[in-house]
S.K.: 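Here's a structure for you.
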Amino acid sequence: MSRLIIESGHTERQYWHDLWRYRELFYVLAWRDVSVKYKQTAVGVLWAIIQPLLTTLIFTFIFGRLAQMPSDGVPYPLWVFAATLPWQFFAASLAAASQSLVTNSNLISKVYFPRMIVPASAVVTSMVDFLISFGLFLLMMAWYHYVPTWRLIAVPFLMLLAFLSALGPGLLITALNVKYRDFRYIIPFMIQLGVYISPVGWASTMIHDKFPGWTWLYSLNPMVGVIDGFRWALLDGKGGISLPSFVQSLAVTVFLVLLGVWYFRKTERTFADII
Amino acid sequence: MSDIPISVKNLGKKYLLRHTSGGGHKKYTALRDVLTEAALAPFRGLRRRFGKGAEDSARAGSNSREEFWALKDVSFDIKRGESVGIIGRNGAGKSTLLKLLSRITEPTTGRIELEGKVASLLEVGTGFHPELTGRENIYLNGAILGMKRTEIKAKFDEIVAFAEVEKFLDTPVKHYSSGMYVRLAFAVAAHLEPDVLIVDEVLAVGDSEFQKKCLGKMQSVSEKEGRTVLFVSHNMQAIRQMCRRVIFLKQGKMVYEGDPHAAISAYLGKGVDAESHASIDLIDYPRTRPPEGAFLKRVRFADGRGQPASCVRLSDVLEVEMDFLAKKPLRHFNLSMAVIHGEGLRVFSEAYSDQHDLPDLTLGEYTLRFHVPMRFFKMESYFLSLTLVDNGTCIDSVEGLLMPEIVDENPNLPMESQRWGVLRVPVAWDLIKPVTNQTINEGTHR
């Protein structure tokens with residue numbers, strides 16, 4: 001039988017091993033969030049359909065009709081929807097992850113488990129919403145007689161990327177939120193701004209063409225890579241993905257994940273004391 | 001496999017308390033506060049230099065952090081199959097100790113060695129979700145307590161039977177009565193199969209029948225199955241019944257370890273210095289405004305038999321004695337007391353004038369005493385406020401004096417957690433049976 005030694009600063013020597021051992025708790029917490037979400041809201045699943053549909057409708061009207069933005073020959077609703085899919089997944093995941101520790105404070109203060117399970121499992125609900133929206137997207141493709149190509153196989157990889165893009169800042173903000181409760185106000189603001197600085201209603205090519213000197217700044221947004229990637233995968237290579245910009249977004253994502261994990265691990269052992 | 005699954009050496013846990021002007025301390029900060037604090041810091045220095053900052057620096061001082069050792073230098077070993085009780089007043093460090101042992105929080109000093117699977121039950125029904133059904137909550141709670149899905153499945157029927165909730169398995173627990181809720185929650189925990197079980201005061205809930213069942217289950221866990229149980233309770237009867245060894249904590253330190261009877265009598269205030277809690281110095285006690293002309297110096301609590309008391313029993317009459325100094329002659333002197341429940345509700349108040357005429361007092365030090373029968377109190381926290389009045393104006397007032405802890409050994413008390421309210425009034429019940437024909441006949445024959 002193994003002997004566990006708890007000392008100041010050495011509490012989580014077997015952290016990653018523990019994280020694996022507690023995977024069942026991850027499944028259960030994820031299942032709880034999903035099942036509670038669809039039980040509580042009267043519209044339930046319908047909500048996951050209405051949200052992207054309305055966004056698509058409004059963006060099509062504003063950017064497609066009013067502003068007459070180019071869409072690379074793709075029907076504008078499809079063009080917007082392909083970006084709304086990852087964007088809404090990202091926004092919902094980030095919001096859920098960054099609130100997760102405070103929402104689950106009763107667990108944190110009463111039971112031991114690797115705390116990272118909480119923000120990670122909070123993302124699963126958005127994953128379910130994503131799958132529902134994705135089904136809707138496929139229907140819309142059929143409606144426009146738009147046939148997906150082999151590039152579709154990149155979607156799972158891009159999902160992982162979107163997940164990591166949300167997880168990095170999510171871990172950082174949820175940990176900060178335990179100590180500084182005003183971080184919760186930052187998220188809605190970030191999401192609100194984010195939809196304008198990410199290529200949801202327009203194409204990255206416009207930035208590359210009009211402001212070539214500022215592409216590096218634009219690509220610091222991790223969602224630029226994800227959204228360009230989604231358009232590329234779903235809309236037959238369209239949408240103006242640029243490899244340097246994609247790689248840069250990817251690097252930012254990796255950096256944010258490392259930063260998030262580092263800060264989370266650093267502060268984790270004090271969560272129960274201050275939550 | 002060694003014979004000592006829990007070994008604790010020089011364990012200590014320090015908290016930093018942030019005092020705010022309200023007297024309470026909050027644990028988390030607003031970033032806003034940190035930023036304004038940082039922005040104002042240079043100005044504070046300036047102002048102090050120019051001599052205007054006396055008040056400000058006092059305020060800055062009261063907003064400072066204070067170190068607080070919730071637990072200090074605690075060492076003990078627990079043998080396999082032993083059940084050990086932990087007792088102590090509120091704030092003595094019991095819960096902190098359990099949290100350290102459960103790995104919820106990290107020690108500041110010292111070392112804990114644990115062997116085998118440890119399960120801790122610091123709360124009944126941790127993570128229960130009101131929207132989920134009983135069945136779903138069994139799986140949820142089980143996973144939170146560290147059970148595998150297959151384990152829960154194997155024990156599912158046993159858990160349901162123990163909780164006696166078969167009929168309501170598919171009802172969301174928000175519709176459960178509090179009794180059902182607690183039964184279900186304990187049932188899940190009772191079917192954990194850890195090597196070490198850590199339990200905090202969970203028996204304070206549920207009806208007495210179910211409490212007995214839980215105690216029995218815990219006893220069989222330790223005696224028949226040879227598991228180690230660590231158990232915190234205010235219920236001395238349960239401690240006596242369960243434990244062969246008791247650890248008595250006081251202000252974060254271990255003051256006694258060993259025989260349950262000795263530990264319990266020490267705790268109930270017969271031995272070990274009870275005096276320190278039984279008397280509160282009011283000279284430096286924080287007040288909302290400074291006293292004028294007279295002030296309260298000290299308040300003492302005694303158990304009605306003349307002994308200083310940090311705990312009182314429900315059968316005691318609490319004696320409260322206070323000293324105050326009149327620095328000027330007082331006209332129509334009065335003193336009022338108020339009892340406030342731990343959750344902030346005002347319970348009752350009385351004044352000297354309710355029973356006596358208002359006297360005029362000359363300069364000097366006085367002592368005033370009153371008695372409060374404890375039999376209507378619950379085993380919860382109460383605070384005392386005292387106000388000195390001179391000719392209709394309040395001249396000194398202290399609030400938030402913690403009254404002695406209320407304890408009782410009577411195992412047959414009604415389960416308080418199920419009774420709302422801030423007092424417990426033992427009402428007399430009489431059930432009048434319907435008059436049947438038979439008794440009427442008997443009546444006419446007679």
Side-chain angles (χ1 to χ4, degrees), chain A residues 1-12 14 18 21-33 35-41 101-102 104-115 117-118 121 176-186 268-275, chain B residues 1-2 5 7-9 11-13 15-16 26-35 99-123 126-132 136-137 139-150 172 195 200:
Chain A
M1 214 175 292
S2 69
R3 210 164 168 81
L4 176 74
I5 293 172
I6 305 172
E7 269 180 318
S8 176
H10 294 269
T11 315
E12 293 106 13
Q14 357 155 288
D18 262 7
R21 255 186 353 108
Y22 276 84
R23 64 190 180 281
E24 283 212 16
L25 183 60
F26 168 80
Y27 305 143
V28 166
L29 288 182
W31 159 81
R32 174 198 68 177
D33 288 346
S35 101
V36 167
K37 180 173 178 190
Y38 292 118
K39 263 184 198 182
Q40 265 174 340
T41 58
L101 284 177
V102 172
N104 287 289
S105 58
N106 60 328
L107 291 188
I108 309 276
S109 58
K110 297 290 180 194
V111 194
Y112 167 78
F113 55 86
R115 307 308 190 196
I117 286 178
V118 169
S121 70
L176 282 167
N177 202 12
V178 171
K179 196 162 164 89
Y180 306 106
R181 293 294 159 98
D182 26 16
F183 269 91
R184 77 192 120 175
Y185 304 120
I186 293 178
E268 182 174 31
R269 43 182 107 102
T270 62
F271 286 166
D273 294 336
I274 54 179
I275 204 157
Chain B
M1 190 162 99
S2 81
S7 165
V8 170
K9 280 193 192 70
L11 195 65
K13 174 75 185 176
Y15 284 102
L16 287 175
K26 53 179 182 185
K27 293 186 284 185
Y28 57 84
T29 341
L31 186 61
R32 191 181 48 204
D33 296 342
V34 179
L35 294 179
K99 279 189 176 178
L100 289 170
L101 288 169
S102 331
R103 301 173 69 192
I104 292 165
T105 177
E106 196 193 39
T108 313
T109 60
R111 167 188 178 98
I112 301 171
E113 285 182 38
L114 294 173
E115 196 175 88
K117 190 173 154 197
V118 180
S120 52
L121 192 58
L122 300 196
E123 179 188 61
T126 304
F128 261 43
H129 200 291
E131 296 287 338
L132 299 178
E136 290 167 328
N137 269 307
Y139 282 101
L140 175 61
N141 190 234
I144 287 168
L145 294 174
M147 287 164 95
K148 297 243 173 292
R149 201 183 157 75
T150 47
D195 302 300
D200 189 5

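In what follows, every heavy atom counts, from backbone to side chain, and hydrogens, waters and symmetry copies are set aside. Proteins come first, then strands; the chains are lettered A, B, ... in the order of their sequence lines, and each starts at number 1.
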S.K.: Heavy-atom cut-off 4.5 Å, strictly under: side chain, backbone, both or neither for B/Leu11 against chain A?
M.R.: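 Nothing of B/Leu11, per the 4.5 Å heavy-atom cut-off to chain A.
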
S.K.: Measure from the side-chain N and O atoms of A/Glu24 to the backbone N and O of B/Arg149, and report whether any donor-acceptor pair falls under 3.5 Å.
M.R.: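 The answer is yes, because a donor-acceptor pair under 3.5 Å joins these two groups.
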
S.K.: How long is the gap from NZ on B/Lys148 to CG on A/Leu25, to the nearest 0.5 Å?
M.R.: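 Spacing of NZ (B/Lys148) from CG (A/Leu25) equals 10.0 Å.
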
S.K.: Measure the spacing between NZ of B/Lys99 and OG of A/Ser109 and express it to the nearest 0.5 Å.
M.R.: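 Between B/Lys99 NZ and A/Ser109 OG, I get 5.5 Å after rounding to 0.5 Å.
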
S.K.: Which atoms of B/Thr108 come close to chain A, meaning under 4.5 Å heavy atom to heavy atom: side chain ones, backbone ones, both, or neither?
M.R.: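 Looking at B/Thr108, just its backbone touches chain A.
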
S.K.: Minimum heavy-atom separation for A/Asp18 and B/Arg103, please, with both atom names.
M.R.: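 Shortest heavy-atom separation between A/Asp18 and B/Arg103 comes out as OD2-NH2, 3.3 Å.
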
S.K.: In Å, rounded to the nearest 0.5 Å, how long is the span from OG1 of B/Thr105 to OH of A/Tyr112?
M.R.: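 With rounding to 0.5 Å, OG1 (B/Thr105) is 12.5 Å from OH (A/Tyr112).
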
S.K.: Rounded to the nearest 0.5 Å, how far does CZ of A/Arg32 lie from CG of B/Asn137?
M.R.: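 Taking CG in B/Asn137 and CZ in A/Arg32, the distance rounds to 10.0 Å.
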
S.K.: Need one label for B/Lys9: side chain, backbone, both or neither, based on atoms under 4.5 Å from any heavy atom in chain A.
M.R.: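 Looking at B/Lys9, nothing touches chain A.
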
S.K.: Test side chain to side chain contact (heavy atoms under 4.5 Å, CB included) on A/Asp273 and B/Lys13; report intermediate values, then the result.
M.R.: CA-CA 11 Å; A/Asp273 294 336; B/Lys13 174 75 185 176; 2.8 Å; yes

S.K.: Quick one: what part of A/Ile108 sits under 4.5 Å from any heavy atom of chain B, side chain, backbone, both or neither?
M.R.: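 Just the backbone, heavy atoms under 4.5 Å.
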
S.K.: Do the non-hydrogen side-chain atoms of B/Leu114 and A/Ile6 ever get within less than 4.5 Å of each other?
M.R.: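 Sidechains of A/Ile6 and B/Leu114: in contact.
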
S.K.: Nearest 0.5 Å, what's the CD-CD distance between A/Glu268 and B/Glu106?
M.R.: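 Taking CD in A/Glu268 and CD in B/Glu106, the distance rounds to 10.5 Å.
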
S.K.: Under a 4.5 Å heavy-atom cutoff, which of A/Leu107, A/Asn106, A/Leu29, A/Asn104 has the most pairs with chain B?
M.R.: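 When all of A/Leu107, A/Asn106, A/Leu29, A/Asn104 are compared, A/Leu107 has the most.
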
